[in-house]
Number of protein chains: 2
Amino acid sequence: MSEKKPTINDVAREAGVSKRTVSRVINGSTNVGPKTLELIQQVIDRLDYSPDKQARGLASSRSYLLGLIYDNPDALYIDQVQRGVLNICSSKGYELVVHPCKYNSTDLVKNCLSFIRRSNIDGVIVLPPVSESKDLAAALREAGHCYVRMASVDLDDHTNIVVSDERAAMSEMARYIVSLGHKNIGFITGPLNYYSSIERLEGFRNTLVQLGIGLDEAKVVEGQNSYQSGQDGAQQLLQLADRPSAIFANNDEMAAGVLRVAHQLGIKVPEQLSIAGFDDNILASRIIPSLTTIQRPVGAMASLAAHKIIQSVEKNIVESVDKEFLVKPHLIIRESTSAPTAVD
Amino acid sequence: MSEKKPTINDVAREAGVSKRTVSRVINGSTNVGPKTLELIQQVIDRLDYSPDKQARGLASSRSYLLGLIYDNPDALYIDQVQRGVLNICSSKGYELVVHPCKYNSTDLVKNCLSFIRRSNIDGVIVLPPVSESKDLAAALREAGHCYVRMASVDLDDHTNIVVSDERAAMSEMARYIVSLGHKNIGFITGPLNYYSSIERLEGFRNTLVQLGIGLDEAKVVEGQNSYQSGQDGAQQLLQLADRPSAIFANNDEMAAGVLRVAHQLGIKVPEQLSIAGFDDNILASRIIPSLTTIQRPVGAMASLAAHKIIQSVEKNIVESVDKEFLVKPHLIIRESTSAPTAVD
DNA sequence: TTGTATGCGTTATCAC
DNA sequence: GTGATAACGCATACAA
């Protein structure tokens, strides 16, 4: 049968002290006599006592619950984030409560606020693209809630954000593609109301310009980060009279769409067309040819976010962590890119 | 500034009743006068009041927290489950706390029990392969915790389990492959200490036997559900003198590995080799050729599990839900399978 | 139908 | 250093 778990009162009684004193040792107060401390510690161990989070929360208005807010179709990304966060927070006594939501919903803010309030969530980590919402961030701040955003642009106090430098990564991508010899390049963007889409496009375009090549605006088409829209974009680009010899797609999902269309059109990849994506999704290494892409250190970013949110909740800022906020994704070269074949 | 949120006392005062009465309407008691009910309901709406879960839990020894326990590499599966569960549980006032763990760890049971106790989790949903652990299930039962297992075998009281009939699904797969004309078939299993692996193999083999074809044991190799082991299995099978004209792999990840090897060996798929997988992973529809596979109604299973766990927690069994426990996956035919080409 | 009183397991405010 | 005792917000015997 399930023994009912010991309470602070049990510990106090066994140790022959008041529960206030037990509370002190639990919370690491210094004002406890050394022998009292040891005695109580022993009893705690013997009884396998651990404080009840709910009662604790009721009294201190904390829940030891962290929330994860997102609306992201990429399951792999979510999973990596969850594990990265848990790596840190579970060892600090926090649990992770997940909260998928609809970024484009009109009651996004209300929905998230309600989520936090209902369960007294101590702090939330917000993932892109939800993290790009000014409204949500403002509401969170306004309501006095702790939060950390994961994003691709530096749009908040560094205490509250972890950003991946996707602009720099895309610059690297541009250099790489140019180094292969490509001059005629197509680009399928993400939704242009996402900062991340803009960042990636800008990083790529600016570098192309610097390299004296430039990006033909007729070969920039807007996608929706979906497989289908990747195919649509590819259809457009590959029907062009002077079709590109390389296409970058804003994520791997769309890049897979491009690959599919190339295959349908009998265009060989990478011989006749180089393709690159972004995310290093599970797809990237599995499809044939495997996909050149950009990998973000998602787990590390998530862990950093967890550190920050816990600091924020506990108002115990460690400068080194507080200052750190930028991580750099890197290029992964696989089979889908190569030098263009000379045509006529 | 953050208004402090209204309590039951605020509502009671505003409505001019005792908090006991407010409590009644919150909990849907019938013993409340109609006008009192409406009045209180109005005040609740006006104040945007919602009961504090922690306090509520402290008083009723419930947390309104559901746990999700798993150790599954398939992020897509996890994501689908999470959304399926949340679909149900969030509308019933529960939140979902995630708990990835190590199935093969020696302290799996202790770890999970500790997780539940720490946060007073009301009930847990356990995913395969962790759900196959007899020890964990026993410990959960022993400790008096509510749980629901998602599995591929009917190994618990129907109140506590949702099973996908993978045996039947694999029978369907076998019929399909045979209907294409294949007689020489290879099979890469999952880890054979998993029930699910056994079920799939048995379902397939039994049907082949029924159809008078049988499965050559020399062409059954054990994989680990990983991409690499799929490649290893394919290497073995495809080097055989009479190499199979069709290979089934226990999951899509391994099937992708098979496809990769076939590609390396210059074996055309599906012309010279048919390949099928299991899961309908995101991979399945993206790779070229797209993969014939089995799709489990994961979201529906998860929702059912959520219903069951909530019933279990609230001790409010609805017969129709209690009896329902079996769901049937179905075959999805794509490009990777076809009739074998006649050889010499 | 409605209200009173008590307890849930902590933390925190005081005194001693 | 230590200990009564009052919150915290709600549920629930028990009355009325």
Side-chain angles (χ1 to χ4, degrees), chain A residues 3-41 43-44 47-65 93 117-122 313-315, chain B residues 3-41 43-44 47-65 93 117-122 313-315:
Chain A
E3 308 288 336
K4 59 180 185 295
K5 63 182 203 180
T7 75
I8 196 174
N9 292 304
D10 298 326
V11 177
R13 183 164 22 77
E14 290 284 316
V17 299
S18 83
K19 62 188 205 177
R20 182 63 184 95
T21 305
V22 177
S23 178
R24 283 200 179 86
V25 349
I26 292 173
N27 296 297
S29 166
T30 53
N31 296 344
V32 181
K35 50 269 194 104
T36 323
L37 175 65
E38 187 179 0
L39 171 61
I40 294 179
Q41 201 52 264
V43 176
I44 288 181
L47 265 45
D48 189 24
Y49 164 80
S50 67
D52 182 292
K53 274 183 186 160
Q54 293 186 279
R56 210 178 209 202
L58 222 211
S60 61
S61 61
R62 297 245 319 259
S63 65
Y64 295 89
L65 257 30
R117 258 183 53 171
R118 277 200 311 269
S119 300
N120 289 91
I121 304 288
D122 287 341
V313 167
E314 301 183 345
K315 282 148 186 54
Chain B
E3 308 289 337
K4 59 181 184 297
K5 65 181 201 180
T7 76
I8 196 173
N9 292 304
D10 298 326
V11 177
R13 183 164 21 76
E14 290 282 317
V17 299
S18 83
K19 62 190 213 178
R20 180 66 182 92
T21 305
V22 177
S23 177
R24 284 200 178 85
V25 348
I26 291 173
N27 295 298
S29 167
T30 53
N31 295 343
V32 180
K35 52 273 193 98
T36 323
L37 174 64
E38 186 179 1
L39 171 61
I40 294 180
Q41 200 52 266
V43 176
I44 288 181
L47 265 46
D48 189 25
Y49 164 79
S50 67
D52 182 293
K53 275 184 185 157
Q54 293 186 279
R56 211 180 205 202
L58 223 210
S60 61
S61 61
R62 298 244 318 262
S63 65
Y64 296 89
L65 258 29
R117 253 183 59 169
R118 276 201 312 269
S119 300
N120 290 91
I121 304 288
D122 287 340
V313 167
E314 300 183 345
K315 282 146 186 54

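Because the structure is predicted, anything quoted here is derived from the model rather than measured. Just so you know, these numbers use all the heavy atoms, side chains as well, and skip hydrogens, waters and symmetry mates. Within every chain, numbering begins at 1; the chains are lettered A, B, ... in the order of the sequence lines, protein sequences first and strands thereafter.
Take A:S50 and apply the side chain to side chain contact (heavy atoms under 4.5 Å, CB included) test, not counting sequence neighbours, and it matches no residue.
In this model, the phosphate group of D:dT2 is approached by a side-chain N or O of A:T36 to a distance below 4.0 Å at OP1 or OP2. Between D:dG3 and A:T21, a contact under 4.0 Å exists linking OP1 or OP2 to a side-chain N or O.
If you take CD1 of A:I40 and C1' of D:dG3, they are 12 Å apart, rounded to a whole angstrom.
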ask   = What one-letter contact string describes nucleotides 5-16 of chain D from 5' to 3', where B marks a base within less than 4.0 Å of any protein heavy atom, S marks contact via sugar-phosphate atoms alone, and - marks no contact?
value = ---BBBBBB---
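The number of heavy atoms from other shown groups lying within 6.0 Å of CD (A:E38) does not exceed 12.
Side-chain contact between B:P34 and B:L37 is absent, with no heavy atoms from C-beta onward closer than 4.5 Å. Counting only heavy atoms from C-beta outward, the side chains of B:I8 and B:D52 never approach each other to under 4.5 Å. Taking 4.5 Å as the limit, some side-chain heavy atom of B:V11 sits within range of a side-chain heavy atom of B:L47. Put simply, the side chain of A:R62 does not reach to within 4.5 Å of the side chain of A:R56, judged on heavy atoms.
Ion pairing between A:D48 and A:K5 fails under the 4.0 Å rule for side-chain N and carboxylate O.
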Residues A:S63, B:Q54; criterion side chain to side chain contact (heavy atoms under 4.5 Å, CB included); working and verdict = CA-CA 8 Å; A:S63 65; B:Q54 293 186 279; 3.7 Å; yes
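Axis deviation across the helix from C:dT1-D:dA16 to C:dC16-D:dG1 amounts to 30°, comparing end segments of five pairs, rounded to 10 degrees.
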